[in-house]
Student: 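Before we start, here is the structure in question, set down as structure tokens.
This is a predicted model, so every value here is computed, not measured.
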Amino acid sequence: MDKKEEAFLKRLLATFQVEAGEHIAKITSGLMALEKAADEAGKPEIIEAVFREAHSLKGAARAVNLEEIEAVCQAVESVFAALKRLEIGTSSALFDSLHRAADMLARLLGSVGTGGQEAERTVVKAIIEELEKAIRSDGILESKTARFGNAATTDKTGLPLEAWQPSAADEFCQAAAPKTDTVRIAAARMDGIMLMAEELLAAKLAMGQRIAELKEIGSLLSSWEKGRTKFGHGMRAARPDAERKGDGGATFGKDARIAKLADFLKDDKDFFRQCAGKIAAVDKALHQDQRFLGSLTDNLLRSVKSALMLPFSSLFEIFPKLVRDLSHAQGKKAETVVSGGDIEIDRRILEELKDPLIHLVRNCIDHGIENPEERARWHKPVNGGIDIQVTQKEGGRVEIALKDDGRGIDSERVKAAAVSAGLVTAERAEKMTQEEALKLVFTSGVSTSPIITDLSGRGLGLAIAREKIENLGGVLSIETEAAKGTTFRAVLPVTLAAFRGVIVRLGEELFVLPTANVERVFRVKSEEIKTLENRETIEIGGRAIALVRPAAVLGIVSGKQAETKAKLSLVVLTAAEKRIALVVDEIIREQEVLFKGLGPQLVRVKNIAGAAVLGTGEAAPLLNVADLIKSAALTPARPLTSLAEREEKARASILVVEDSITARTLLKNILEAAGYNVKAAVDGLEAFTMLKTEDFAVTVSDVDMPRMNGFELTARIRADKKLAHMPVVLVTALDSREDREKGIDAGANAYIVKSSFDQSNLLEVIRRLI
């Protein structure tokens with residue numbers, strides 16, 4: 001196969017995966033609908049729909065030569081053909097077999113292009129045989145399994161013991177809603193985007209016209225300059241000639257020069273009037289163009305965002321089956337009701353929401369929904385209920401409410417689990433309110449499950465769910481009532497790309513705080529700050545709120561003005577129902593900003609969510625408010641050093657050695673914001689040259705660099721008599737034990753891994769070394 005054919009096949013398989021994913025989702029939803037259908041009159045329509053989906057998927061699989069998918073679809077199609085002809089009836093066992101077939105289709109789809117389908121042949125054969133048994137008694141279906149070999153040892157379901165594990169539900173979730181590089185856009189939306197793109201041509205022509213008008217003004221100014229120069233030369237040349245002609249001639253010459261000057265000034269006045277008119281016209285036209293382009297840009301951005309929005313239903317379609325499979329595995333019965341699925345949200349947010357929502361559903365099944373016997377004792381329906389409701393909120397946000405009608409959360413058991421895990425003392429737990437106790441369920445390590453299973457017991461699910469939702473700019477909360485159930489509420493932004501932020505100055509640097517996390521901004525007198533348990537606080541609305549200074553959580557030295565002026569500027573931040581008052585040097589303004597990630601090199605930077613592009617085109621760090629609140633809680637209660645002491649250390653110069661411009665800029669900004677003088681080098685060789693000619697207190701270096709790497713640079717520093725005692729901090733992506741040992745052997749004072757990079761850790765290391 002040549003490269004052209006290989007590329008074509010790759011594109012064809014990518015197209016097939018999108019189409020097949022839709023078919024499998026419809027087959028699964030059809031099975032769920034058929035299983036729930038109480039009205040016999042509605043069943044034929046559902047059976048026909050699933051039959052057609054299986055047939056279409058079979059044809060598509062045959063076109064790309066995927067025999068295993070084709071064979072499973074053939075078996076499913078035959079079962080539904082028999083159901084259509086009323087030759088067999090539905091049963092719980094038949095539905096279990098069909099669901100297993102749907103799971104296998106999802107698994108096979110996920111392995112397309114990886115060669116994993118060969119490993120599934122034994123399971124495929126077993127599933128096909130199981131479906132054949134449903135109708136073979138009537139001699140309807142000829143066996144299609146011969147080409148897949150003999151069956152392995154099977155359990156009572158007919159499936160190989162080693163092949164089918166409880167994780168099938170998870171695998172279905174992973175394969176049923178895969179991330180894809182393709183997006184389907186309605187033709188009407190595409191037409192609207194195209195029309196707006198065509199309008200950009202008018203803007204392009206208008207810009208050309210403005211340039212021509214400015215060139216015309218430039219030509220006029222050039223002509224005026226030439227005329228002015230010519231006039232000056234003429235006036236200087238005329239004066240000596242007039243004086244040689246005698247008194248009368250001199251008088252005449254003087255009068256002529258005055259007349260000539262008057263004419264020139266008159267021409268100047270006319271010229272500048274003409275220029276002023278042209279400039280006013282261009283100014284007016286530019287303002288009109290600005291309004292036109294602003295409106296066009298907003299509309300185009302809104303339309304493109306809308307094109308990349310997906311309805312929640314595209315994610316929620318996996319949950320009815322997930323709930324069914326997980327509840328069956330535990331001997332429980334549960335059903336799912338979804339509402340608000342037509343509400344749309346940014347595709348990127350929807351993709352990241354899948355895992356936390358699966359964790360929440362797992363929690364509802366394992367900890368919430370009771371088994372049938374217990375539900376009967378509480379006079380509840382045998383089938384437990386899990387409701388997922390999406391509602392639109394103000395300010396471009398949506399709320400997802402996930403509710404079960406189970407036993408609720410026992411706050412006493414939560415407190416006991418937290419005490420057992422060593423997270424709180426018994427005395428502290430006893431004083432906790434129910435609201436405070438419920439917040440503990442989001443803490444890693446807290447679980448009320450008596451045993452650890454593949455479903456729960458590790459105390460990680462809710463902690464992961466909350467962290468992921470907060471990373472998306474959302475908030476997760478919980479409500480519960482004994483014997484009535486639990487509700488999780490997640491409030492999220494509709495889109496990630498652009499949002500509003502409050503720009504503040506900390507030290508000499510600008511930072512951005514998400515407007516959604518800003519409760520209020522105000523100024524207070526220094527004497528209003530109180531100390532509670534060795535921590536500074538400020539009273540707001542009758543409640544004491546922790547006052548946090550940038551030096552404590554970010555290592556940023558505030559300016560003199562912030563420390564000496566009578567009033568301090570505060571920003572009250574809130575996340576996960578917690579609040580702090582952050583001291584800032586200046587509150588600049590609130591505006592719309594464009595969010596950008598830090599890139600793959602810096603996946604997780606404590607207290608920093610990313611970068612925000614401002615209206616000036618500059619980038620400013622976007623602070624992670626949830627992280628700031630956690631950092632503030634972990635900060636030791638100790639008095640801050642004086643401004644004079646911090647300034648003494650801030651006079652030190654630091655050399656940053658990093659070949660990546662992104663990492664170099666980030667490190668430089670962090671250190672400069674902390675008050676240090678910073679210079680940068682792109683590799684070890686340039687750094688060593690700078691060290692020989694300039695004075696630095698510390699060297700902060702990457703390891704993997706061209707010409708001279710960080711290990712070599714450190715060794716050269718240690719070998720130089722003048723530089724031997726200089727502290728060296730290695731900040732690198734290399735995290736193996738061997739690399740750490742190389743750093744120690746070379747003579748590094750500290751070794752920080754970028755994957756777990758924490759700017760406060762870096763600043764603390766530097767403070768200790770200086």
Side-chain angles (χ1 to χ4, degrees), residues 290-291 293-295 297-302 305 345-346 349 392-399 470-475 491-524 538 540-541 545-550 553-554 556 558-559 561-562 565 567-598 605 607-629 631-632 669 673:
Q290 182 190 33
R291 287 192 292 271
L293 271 176
S295 174
T297 302
D298 290 343
N299 291 335
L300 185 57
L301 181 61
R302 196 177 301 115
K305 281 183 185 177
I345 192 170
D346 193 312
I349 296 179
Q392 201 88 44
K393 307 289 283 187
E394 294 180 356
R397 302 178 80 79
V398 293
E399 180 186 81
E470 287 178 352
N471 288 342
L472 292 170
V475 176
V491 179
L492 294 142
V494 173
T495 182
L496 282 179
F499 62 97
R500 301 197 72 81
V502 177
I503 303 170
V504 298
R505 184 173 60 80
L506 303 175
E508 299 301 322
E509 302 295 325
L510 294 182
F511 290 83
V512 178
L513 295 162
T515 299
N517 296 109
V518 176
E519 183 178 298
R520 61 183 291 192
V521 296
F522 64 107
R523 301 178 72 195
V524 297
I538 187 75
I540 301 175
I545 305 296
L547 185 139
V548 178
R549 297 181 186 268
V553 291
L554 297 171
I556 295 173
S558 297
Q561 185 182 2
K565 61 187 179 183
K567 288 192 174 183
L568 295 178
S569 296
L570 301 181
V571 181
V572 178
L573 302 173
T574 177
E577 302 176 2
K578 296 178 181 177
R579 296 193 298 170
I580 61 171
L582 180 67
V583 179
V584 300
D585 289 293
E586 184 181 2
I587 299 168
I588 309 295
R589 61 183 172 276
E590 193 257 4
Q591 68 172 60
E592 188 174 46
V593 294
L594 184 64
F595 173 79
K596 295 288 184 182
L598 294 175
V605 178
N607 299 322
I608 304 294
V613 181
L614 309 180
T616 59
E618 296 175 292
L622 177 70
L623 294 177
N624 185 323
V625 174
D627 268 10
L628 284 178
I629 293 176
S631 297
N669 286 347

Student: Tell me the closest heavy-atom pair linking Pro493 and Gly474, and the distance in Å.
Tutor: CD-N, 4.3 Å
Student: Heavy atoms only: give me the nearest Pro550-Leu582 pair and the separation to one decimal.
Tutor: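 Looks like N-CD1, 4.5 Å.
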Student: Could I get the full list of side chain to side chain donor-acceptor pair (under 3.5 Å) partners for Gln392, not counting sequence neighbours?
Tutor: none
Student: So, taking the atom named CD1 in Ile608 and the one named CG in Asp627, what distance separates them when rounded to the nearest 0.5 Å?
Tutor: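 Answer for the CD1-CG pair, Ile608 versus Asp627, is 9.0 Å.
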Student: Which atom names give the shortest non-hydrogen contact between Ile345 and Val494, and what distance separates them?
Tutor: CG1-O, 3.3 Å
Student: Please report the interatomic distance CG(Leu492) to CD(Glu470), rounded to the nearest 0.5 Å.
Tutor: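 Answer for the CG-CD pair, Leu492 versus Glu470, is 10.5 Å.
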Student: Grab the two heavy atoms, one from Lys578 and one from Ile629, that are nearest each other, plus how far apart they are.
Tutor: O-CD1, 3.6 Å
Student: List for me each residue that meets side-chain contact (heavy atoms from CB on, under 4.5 Å) alongside Ala516, sequence neighbours excluded, and say none if there are none.
Tutor: Arg397
Student: What closest approach, in Å, do Val625 and Pro514 show between heavy atoms, and which atom pair accounts for it?
Tutor: CG2-CD, 4.0 Å
Student: Atom CZ in Phe522, atom CD1 in Ile538: separation rounded to 0.5 Å?
Tutor: 5.5 Å
Student: Please answer whether the main-chain N or O of Ser631 pairs with a side-chain N or O of Asn607 as donor and acceptor at a distance below 3.5 Å.
Tutor: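 Here the side-chain-to-backbone pair does not exist.
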Student: I need the Arg589 CZ to Ile503 CD1 distance, nearest 0.5 Å.
Tutor: 4.0 Å
Student: Rounded to the nearest 0.5 Å, what separation is found between the CG atom of Leu506 and the CG atom of Leu623?
Tutor: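 Taking CG in Leu506 and CG in Leu623, the distance rounds to 6.5 Å.
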Student: With distance as the sole test, does Arg505 use its side chain to make a donor-acceptor pair with the main-chain N or O of Gly507 at under 3.5 Å?
Tutor: yes
Student: Where do Ala632 and Val548 come nearest, in terms of heavy atoms and distance?
Tutor: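 Smallest heavy-atom distance, with atoms named: CB-CG2, 3.6 Å.
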Student: Kindly write out the residues that satisfy side-chain contact (heavy atoms from CB on, under 4.5 Å) with Val571, not counting sequence neighbours, or none if the list is empty.
Tutor: Val504, Leu513, Val518, Val521, Leu573, Val584, Ile587
Student: Restricting to side chain to side chain donor-acceptor pair (under 3.5 Å), what partner residues turn up for Arg520, sequence neighbours left out?
Tutor: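 With sequence neighbours excluded, Arg520 shows a side chain to side chain donor-acceptor pair (under 3.5 Å) to no residue whatsoever.
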Student: I need the Ile540 CD1 to Leu570 CG distance, nearest 0.5 Å.
Tutor: 7.0 Å
Student: Applying side chain to side chain donor-acceptor pair (under 3.5 Å), can you list everything that pairs with Glu399, at least two apart in sequence or on another chain?
Tutor: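 Counting only residues at least two positions away or on another chain, Glu399 forms a side chain to side chain donor-acceptor pair (under 3.5 Å) with Arg489.
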